[in-house]
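These numbers come from the heavy atoms of this one structure, side chains and all, not from hydrogens, waters or symmetry mates.
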Amino acid sequence: MAKDMSFEAVMARNGEIMKNAVGIDYDLFESGSIAFDYERMMRETGYDLQEIEEIQRETGVGDTPIYELRNLTKLARKFAPAGKGARIFIKDEAANPSGSFKARRAATACYHAKKLGYKGVIAATSGNYGAAVASQAAMRGLKSIIVQECYDSKGKGQPEIVEKARKCEAYGAEVVQLSVGPELFYTFLVLLEETGYFNASLYTPFGIAGVETLGYELSMQFREREGRDPDVVVVTNAGGGNLTGTARGLIKAGATDTEIIGASVSLQGLHMASDSQFNKKSFTTGHTGFGIPFATWPDRSDVPRSAARPLRYIDRYVTINQGSVFYMTEVLAQIEGLERGPAGNTSLAAAFKLAQELDEDKIIVVQETEYTGAGKHIQPQLTFAKENGIKVIIGDPTEEVPGENIILPKDPSYIKVEEIELDRTRRSYIRNCIKNTKVEKVTKEDLEFLIEDTKSNEEFVKKVLDEFGVAY
Amino acid sequence: MDARKGDWVRIHNIVLEAGERAPNIPEDTQNVPLELWDKGFLLNEGANIGDKVEVETYIGRKMEGTLIEVNPYYEHDFGKCVPELMYIGRQVRSLLEKDGE
Ligand SMILES: Cc1ncc(COP(=O)(O)O)c(C=O)c1O
């Protein structure tokens with residue numbers, strides 16, 4: 001009998017398809033309630049840091065250089081109070097094969113897929129990760145399929161995503177492109193079932209453990225060149241894997257005093273699944289449209305339990321407007337001689353402002369860059385924005401309305417960050433845990449899990465549970 | 001005949017019709033179909049744009065769809081001049097020069 005390939009039938013086979021496609025039995029880590037054993041999942045299905053370093057070395061991943069951005073630091077100090085203006089550094093992750101830190105995530109996933117005997121890998125991604133998977137798969141002799149959300153219903157594609165498709169094809173991948181909508185997941189499942197390939201999800205322990213080397217390297221590099229760990233690491237945050245992996249790597253290096261600040265581009269007001277708004281945004285990652293939903297419910301991803309859990313590690317979360325990131329991308333090229341980004345420069349733009357709060361002898365690190373190229377560059381992205389009716393204005397970024405305009409700061413003093421009140425994010429996460437597991441009473445284990453998963457404390461979690469009328 | 005067997009082509013499919021979309025998505029998205037594009041080597045002896053065809057994708061999967069393009073190529077580029085960006089480099093360079101160092 002032929003399998004039922006209808007939308008409902010395929011979606012109903014999700015659990016079974018995923019089990020075959022990631023080779024992990026997630027049930028092993030479940031408590032049956034809210035809690036699951038995160039560390040056990042990371043330990044038993046992943047590789048230790050040394051193994052991952054070796055795996056990544058085999059395919060030229062990692063060991064990326066650090067540059068001190070002396071001119072940018074000087075510029076920041078001009079707008080900082082006397083004695084303020086931390087030294088700004090950047091880790092040039094664009095130096096990885098395929099041009100971003102995502103190579104670290106793909107390296108372990110592809111190694112693991114090869115080891116388990118899969119013939120190919122599939123990833124659902126419109127971003128750098130596709131190129132990373134295609135590149136690592138090429139090195140490991142695996143076939144690859146990348147599934148992208150690329151076009152609106154008029155067939156217009158974000159230039160940045162089109163460029164990603166090109167790059168994936170350059171590495172021999174098949175690129176399946178879709179119009180806007182979360183039902184991409186259905187096509188993804190159909191492909192997994194048909195091919196029997198490995199799901200190189202961004203959110204497995206392999207992927208996240210692959211980023212740990214970034215945090216670890218950071219600490220080692222700074223101890224070597226400056227004799228100490230960085231004071232602040234700023235991370236461009238979307239699905240949370242970049243932040244989670246980096247923070248875990250820093251902790252493994254013993255850099256427990258380093259403050260982890262997440263930064264996302266504010267796309268407030270734009271709906272990510274809306275066909276008509278799809279091309280109104282000028283960022284396809286690093287934005288709040290992913291950052292907030294994934295922080296408040298990480299298990300929305302394509303695996304049952306996400307290894308990317310940003311609230312576990314984040315100390316502070318700020319947003320910045322699109323125009324400031326574009327401005328900073330131009331500044332990076334003009335005074336530091338580095339043409340990178342733009343999306344990856346979200347943390348750079350935030351760091352420029354954050355450095356002004358810190359003493360001059362402090363060290364603030366922008367932990368990644370990404371490659372730039374046709375389509376993936378401020379000019380084509382702003383050209384595209386204008387074609388979609390977005391006004392490009394030079395003025396006060398606080399007046400930017402995502403989907404209507406992009407405001408480039410009049411001068412560097414106009415670059416500001418906005419705080420996300422993390423306690424509210426934590427509260428939403430706890431609410432989602434309750435809603436999605438439908439528990440009436442949280443267990444002792446749940447309570448401990450929630451404290452850890454929100455990096456908060458017993459008092460806070462209990463207060464939130466009281467508020468929602470949930471017993472513990 | 002627009003394409004011959006073995007030509008590199010682009011095909012198009014409708015995955016879900018407008019009425020079949022997931023219920024929890026915005027209305028504007030529900031009102032349009034979920035479309036799919038892929039590329040491969042044409043397996044039919046010959047075909048014209050708009051024909052239903054079968055292709056073998058680059059990694060060797062077989063797939064059917066409507067032929068929409070032969071020898072597809074990328075048109076993305078470095079965009080047009082964005083005059084609004086022109087002040088930035090000069091501005092920050094002159095701020096640094098004023099340093100007196
Ligand atoms: C260059 C770059 N920076 C940051 C991110 C955000 O990473 P994450 O989704 O793990 O938060 C991405 C991923 O989309 C990226 O490609």
Side-chain angles (χ1 to χ4, degrees), chain A residues 7 71 74-75 78 120 143-145 150-153 155 157 159-160 162-163 165-166 169 172-184 186-187 194-195 271 273-277 326-327 330-331 333-335 374-384 386 392-394 408 411-412, chain B residues 8 10-18 20-40 55-63 68 72-99 101:
Chain A
F7 182 76
N71 288 330
K74 208 191 261 183
L75 190 68
K78 289 188 174 293
K143 292 182 174 185
S144 63
I145 302 178
C150 184
Y151 297 104
D152 67 11
S153 59
E160 200 186 354
V162 174
E163 159 56 16
R166 183 208 62 79
E169 288 192 343
E174 173 181 341
V175 180
V176 178
Q177 295 179 305
L178 291 161
S179 56
V180 180
E183 306 101 315
L184 176 147
Y186 162 73
T187 301
E194 178 195 315
T195 59
H271 198 297
S274 161
D275 176 65
S276 54
Q277 293 179 359
F326 285 132
Y327 180 95
E330 178 72 8
V331 170
Q334 289 272 354
I335 64 172
K376 198 169 130 51
H377 182 277
I378 43 179
Q379 253 164 234
Q381 288 179 234
L382 285 173
T383 301
F384 185 75
K386 287 184 184 181
V392 178
I393 300 164
I394 300 165
L408 300 161
D411 66 57
Chain B
W8 182 243
R10 191 160 190 236
I11 59 168
H12 173 263
N13 267 321
I14 302 286
V15 183
L16 296 171
E17 294 291 350
E20 302 171 343
R21 309 267 334 226
N24 55 344
I25 60 173
E27 212 180 302
D28 60 343
T29 313
Q30 293 207 25
N31 290 336
V32 294
L34 180 65
E35 300 175 77
L36 179 150
W37 294 262
D38 207 333
K39 292 175 189 166
V55 301
E56 182 179 320
T57 68
Y58 204 77
I59 62 156
R61 237 168 31 90
K62 291 202 171 58
M63 212 185 150
I68 55 164
Y73 65 99
Y74 288 106
E75 292 176 56
H76 65 295
D77 56 17
F78 281 94
K80 296 181 180 147
C81 174
V82 180
E84 293 86 345
L85 292 170
M86 298 310 293
Y87 74 103
I88 300 172
R90 284 186 159 208
Q91 180 182 66
V92 290
R93 279 165 181 260
S94 75
L95 280 165
L96 288 175
E97 274 162 22
K98 270 192 239 147
D99 204 40
E101 270 184 24

**Student:** To check you understand the geometry: which heavy-atom pair defines the closest contact between A:Asp411 and B:Gln91, and what is its length?
**Tutor:** CB-NE2, 3.4 Å
**Student:** Output the option from B:Ile88, B:Asn13, B:Val32 having the highest count of non-hydrogen pairs under 4.5 Å with chain A.
**Tutor:** B:Ile88
**Student:** Would you say the side chain of A:Tyr186 lies within less than 4.5 Å of the side chain of B:Leu34, judging by non-hydrogen atoms?
**Tutor:** no
**Student:** Any donor and acceptor pair, going by atom type alone, linking the side chain of B:Thr29 with main-chain N or O of A:Gly181 inside 3.5 Å?
**Tutor:** no
**Student:** Could you look at A:Ile393 and say if it's the side chain, the backbone, both or neither that has a heavy atom under 4.5 Å from chain B?
**Tutor:** neither
**Student:** Atom CG of A:Leu408 and atom CG of B:Leu85: how far apart are they, to the nearest 0.5 Å?
**Tutor:** 6.0 Å
**Student:** Look up atom CZ in B:Arg93 and atom CG in A:Asn71, then write down how far apart they are to the nearest 0.5 Å.
**Tutor:** 9.0 Å
**Student:** For A:Tyr151, is it the side chain, the backbone, both, or neither that has a heavy atom closer than 4.5 Å to a heavy atom of chain B?
**Tutor:** side chain
**Student:** So for A:Val162, is it side chain, backbone, both, or neither that comes closer than 4.5 Å to the heavy atoms of chain B?
**Tutor:** both
**Student:** Could you look at A:Ser153 and say if it's the side chain, the backbone, both or neither that has a heavy atom under 4.5 Å from chain B?
**Tutor:** both
**Student:** Where do A:Gly172 and B:Ile59 come nearest, in terms of heavy atoms and distance?
**Tutor:** O-CG2, 3.7 Å
**Student:** Find the one option among A:Ala165, A:Gly155, A:Cys150 whose heavy-atom pairs under 4.5 Å with chain B are most numerous.
**Tutor:** A:Ala165
**Student:** Looking at A:His271, A:Lys376, A:Gln334, which one has more heavy-atom pairs under 4.5 Å with chain B than the rest?
**Tutor:** A:Gln334
**Student:** Chain B heavy atoms under 4.5 Å from A:Leu75: which part of the residue, side chain, backbone, both or neither?
**Tutor:** both
**Student:** Output the option from A:His377, A:Glu330, A:Glu163 having the highest count of non-hydrogen pairs under 4.5 Å with chain B.
**Tutor:** A:Glu163
**Student:** Between A:Tyr327 and chain B, which part of the residue has a heavy atom less than 4.5 Å away: side chain, backbone, both or neither?
**Tutor:** both
**Student:** When only pairs under 4.5 Å are counted, which of B:Gln30, B:Arg90, B:Glu84, B:His12 shares the most heavy-atom pairs with chain A?
**Tutor:** B:Glu84
**Student:** Output yes when a side-chain donor or acceptor of A:Ser179 lies under 3.5 Å from a complementary backbone atom of B:Glu35, and no otherwise.
**Tutor:** yes
**Student:** With a 4.5 Å cut-off on heavy-atom pairs, point out which of A:Ile378, A:Leu184, A:Thr187, A:Val392 contacts chain B the most.
**Tutor:** A:Val392
**Student:** Tell me, for B:Tyr74 versus chain A, whether the close heavy atoms (under 4.5 Å) come from the side chain, the backbone, both or neither.
**Tutor:** side chain
**Student:** Count the heavy-atom pairs under 4.5 Å between each of A:Glu169, A:Lys386, A:Gln381 and chain B, then report the option with the highest count.
**Tutor:** A:Glu169
**Student:** Tell me, side chain or backbone of A:Ser144 under 4.5 Å from chain B's heavy atoms, or both, or neither?
**Tutor:** backbone
**Student:** Among B:Arg61, B:Lys39, B:Glu20, which has the most heavy-atom pairs under 4.5 Å with chain A?
**Tutor:** B:Arg61
**Student:** When heavy-atom pairs shorter than 4.5 Å are enumerated against chain B, which of A:Gln277, A:Gln379, A:Glu174 gives the highest number?
**Tutor:** A:Glu174
**Student:** Heavy-atom pairs under 4.5 Å with chain A - which of B:Leu16, B:Asn31, B:Asp77, B:Val15 has more of them than the others?
**Tutor:** B:Asp77
**Student:** Which heavy-atom pair separates A:Leu178 from B:Trp37 by the least distance, and what is that distance?
**Tutor:** C-CZ3, 3.8 Å
**Student:** Return the minimal non-hydrogen interatomic distance between B:Val92 and A:Pro412, and the atom names on each side.
**Tutor:** CG1-CG, 4.2 Å
